[in-house]
Trainee: 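Can you read through this structure? Questions will come right after.
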Number of protein chains: 2
Amino acid sequence: MDKKETIINSAIELFSLKGYEGTSVRDIAADAGINVAMINYYFGSKEKLFESIVEHRASFLKGVFEELINNKQLSGIEKMDIIIDNTIERKFSGLNFHHIMHRELALQHRPQLKEAISDILLRNVTSIKNIIEEGISNGEFKQVDIELTLTTLLGTIHYLLTSDTLCRKILGKPKSFKPYQNKNLKDRISIYIKNLMRDHLLKK
Amino acid sequence: MDKKETIINSAIELFSLKGYEGTSVRDIAADAGINVAMINYYFGSKEKLFESIVEHRASFLKGVFEELINNKQLSGIEKMDIIIDNTIERKFSGLNFHHIMHRELALQHRPQLKEAISDILLRNVTSIKNIIEEGISNGEFKQVDIELTLTTLLGTIHYLLTSDTLCRKILGKPKSFKPYQNKNLKDRISIYIKNLMRDHLLKK
DNA sequence: TTTAAAACTAAACAAATGTTTAATATTATT
DNA sequence: AATAATATTAAACATTTGTTTAGTTTTAAA
């Protein structure tokens, strides 16, 4: 594998587990099995390594829902279903990177980085917004608060998956319960949010 | 003011802005206007200072909804309204501390601390759970997924307030918009979630 | 007023941090 | 095969980290 890629993978892993400040370049080097100096050789600095990761994933995530928005076959609520499942899927699998982004967002330093991260997260937001807007204008949906509705969608999933410890406690599950590997939980969230969105969006 | 209190206040402020690892004891000492050694003198270590903060607030937040649960005058949905406004109020004001707790939760070290934090957050969870359960059993509410419903309540508010940058972008507001000081936003969230909970909980 | 405990300080401590250096090895080019 | 560019290394660098020490001042009790 590419050595730069190896470093990035180790860095994502460790940043997500212990945070940016909590992870030393020596930790990363050890995990990646390379010399510490290689990090500065390839990326310039620890901070630029972090920025590389953000850019690396940014290009990876762009425009997922483009064709969905323009699809004329599906109803608004059917499109929402697809978005919901897609969002859940991404939160469950690409978990590490989401962790890093949200934690950095919650800090007050590196404001330019926060801008970049927000923009990445905003891509999905805009897609969802478009679909709800369309549903409202063609009379399928009620006139809901669009921005807060999509916040509910993202917030519900995110809150439950911020911490395995909290997730277990909320759901009343034992220590052995591993949220991120649990298919039942995935299905349960999917059914719940689809239901919630029907209650909230569709006219009675 | 009590000197221990001064240290705790500075620590909360800085931990919430820059994170636990990102804040040095010298930062805290400078902000509190005291000698670095006083932190270890009073608290023993940086880590124990952190734990003190958690305990300090834990005792502060206990049993807020006790009497609300046993109230026979109010309907289930009226109780939910009170819980919603209370939760919003706390998120907007006691913001710093919530920031710290959630960020620590998202990390994988200090597992015993995560347990403690989860337990604090769980107190509200249990109260809300009781109220929804009661509403279901007396026929006022539909048979919803209780745990996920309260996750929606907490998650929506929390997601929007994790980051001022993201919040502004989601809502399409200018740089000058300060989410945490905005009364309009507070009202907007309140109206929205009350509405959402009515759609979701009440029988049609 | 003497004495003991508590509060506080400046300085030093060892360990860990991100980064750079200078030397060596590897790879690619001519 | 000689040369140049790239990759890799171990060691050293200066800072910063949390903590401790040893000494001083302040406060309270006798």
Side-chain angles (χ1 to χ4, degrees), chain A residues 1-56 100 103-104 106-114 116-117, chain B residues 1-56 100-101 103-104 107-114 116-117:
Chain A
M1 205 206 309
D2 188 331
K3 200 151 266 188
K4 278 182 83 170
E5 200 85 11
T6 313
I7 294 173
I8 286 184
N9 287 339
S10 292
I12 290 180
E13 166 96 12
L14 293 176
F15 284 157
S16 85
L17 290 175
K18 318 203 286 173
Y20 176 81
E21 310 279 359
T23 304
S24 74
V25 288
R26 282 173 181 80
D27 287 341
I28 299 170
D31 189 277
I34 50 109
N35 190 286
V36 214
M38 296 313 291
I39 292 173
N40 293 277
Y41 176 75
Y42 278 125
F43 299 93
S45 68
K46 185 191 179 187
E47 185 138 1
K48 281 186 194 147
L49 165 60
F50 190 96
E51 287 164 20
S52 294
I53 292 175
V54 173
E55 284 167 26
H56 183 257
I100 298 174
R103 194 164 40 229
E104 273 304 306
L107 295 174
Q108 293 298 329
H109 46 197
R110 290 190 279 277
Q112 80 293 351
L113 197 58
K114 288 174 65 180
I117 294 174
Chain B
M1 204 209 306
D2 185 41
K3 200 150 266 189
K4 277 181 84 170
E5 202 83 12
T6 314
I7 295 173
I8 285 184
N9 287 340
S10 291
I12 290 180
E13 166 95 12
L14 293 176
F15 284 157
S16 85
L17 289 175
K18 317 201 287 173
Y20 175 81
E21 310 279 359
T23 304
S24 74
V25 288
R26 282 172 180 81
D27 287 342
I28 299 170
D31 189 276
I34 51 111
N35 190 289
V36 215
M38 296 314 291
I39 292 174
N40 293 276
Y41 177 74
Y42 279 123
F43 299 94
S45 69
K46 185 191 178 186
E47 185 138 3
K48 280 186 194 147
L49 164 61
F50 189 95
E51 287 165 20
S52 294
I53 292 175
V54 173
E55 285 167 25
H56 183 258
I100 298 174
M101 288 204 297
R103 195 165 37 228
E104 272 304 306
L107 295 174
Q108 295 298 329
H109 48 195
R110 289 191 280 278
Q112 81 293 352
L113 197 59
K114 288 174 67 181
I117 294 174

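Reminder, nothing fancy here: chain letters follow the sequence lines and each chain counts from 1. Only heavy atoms go into these numbers, but all of them, side chains included; no hydrogens, no water, no symmetry mates.
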Trainee: Using the closest heavy atom to pick a nucleotide of DNA chain C for each, name whichever of A/Ser24 or B/Val36 lands nearer the 5' end.
Mentor: B/Val36
Trainee: Rounded to the Å, how far apart are A/Lys48 NZ and C/dT20 C1'?
Mentor: 14 Å
Trainee: Atom CZ of A/Arg26 to atom P of D/dA11: distance rounded to whole Å?
Mentor: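 Spelled out: CZ on A/Arg26 to P on D/dA11 is 13 Å.
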Trainee: Nearest of C/dT19, D/dG18, D/dT8 to any side-chain atom of A/Met38?
Mentor: D/dT8
Trainee: Take atom CG of B/Asn40 and atom C1' of D/dT17, then tell me their distance rounded to the nearest Å.
Mentor: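 In whole Å, D/dT17 C1' lies 12 Å from B/Asn40 CG.
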Trainee: Find out whether A/Thr23 and A/Leu17 are in side-chain contact, i.e. whether some heavy atom of one side chain is under 4.5 Å from a heavy atom of the other.
Mentor: no
Trainee: Send over the distance from B/Ile39 CD1 to C/dA7 C1', rounded to a whole Å.
Mentor: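 Atom CD1 in B/Ile39 sits about 15 Å away from atom C1' in C/dA7.
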Trainee: To the nearest Å, give me how far apart CG (A/Asp27) and P (C/dT17) are.
Mentor: 6 Å
Trainee: Can any side-chain N or O of B/Arg103 pair as donor or acceptor with the backbone N or O of B/Ser16 at less than 3.5 Å?
Mentor: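 Confirmed, B/Arg103 side chain pairs with B/Ser16 backbone.
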Trainee: When you measure from the side chain of B/Lys3, which nucleotide among C/dC8, D/dA12, C/dT9 comes out closest?
Mentor: C/dC8
Trainee: Tell me what A/Phe43 touches on the nucleic acid: a base, only sugar-phosphate, or nothing, going by heavy atoms under 4.0 Å.
Mentor: nothing
Trainee: Would you compute the distance between atom CE of B/Met38 and atom NZ of B/Lys4 and round it to the nearest 0.5 angstrom?
Mentor: 10.5 Å
Trainee: CD of B/Glu21 versus C1' of D/dT17: gap in Å, rounded?
Mentor: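 After rounding, the gap between these two atoms is 11 Å.
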Trainee: Ignoring the backbone of A/Ala37, work out which of C/dG18, D/dT19, C/dT21 is nearest its side chain.
Mentor: C/dT21
Trainee: Could you measure the distance from the CD1 atom of A/Ile53 to the CD1 atom of A/Ile12? Nearest 0.5 Å is fine.
Mentor: 5.0 Å
Trainee: Below 4.0 angstrom from OP1 or OP2 of D/dT9, is there any side-chain N or O of A/Tyr41?
Mentor: no
Trainee: Of the candidate nucleotides D/dG18, C/dT19, C/dC8, which contains the atom at the shortest distance from the side chain of A/Lys46?
Mentor: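 Among D/dG18, C/dT19, C/dC8, the one nearest the side chain of A/Lys46 is C/dT19.
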Trainee: Give the rounded distance in Å between these two atoms: NZ of A/Lys4 and P of D/dT6.
Mentor: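 It works out to 13 Å between those atoms.
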Trainee: Report the distance from atom CD1 of A/Ile34 to atom P of C/dG18, rounded to the nearest whole Å.
Mentor: 13 Å
Trainee: So, is A/Asn35 near the phosphate of D/dA10, with a side-chain N or O under 4.0 Å from OP1 or OP2?
Mentor: yes
Trainee: Do A/Lys46's NZ or CZ and the ring of A/Tyr20 fall within the cation-pi criteria of under 6.0 Å and 45°?
Mentor: yes
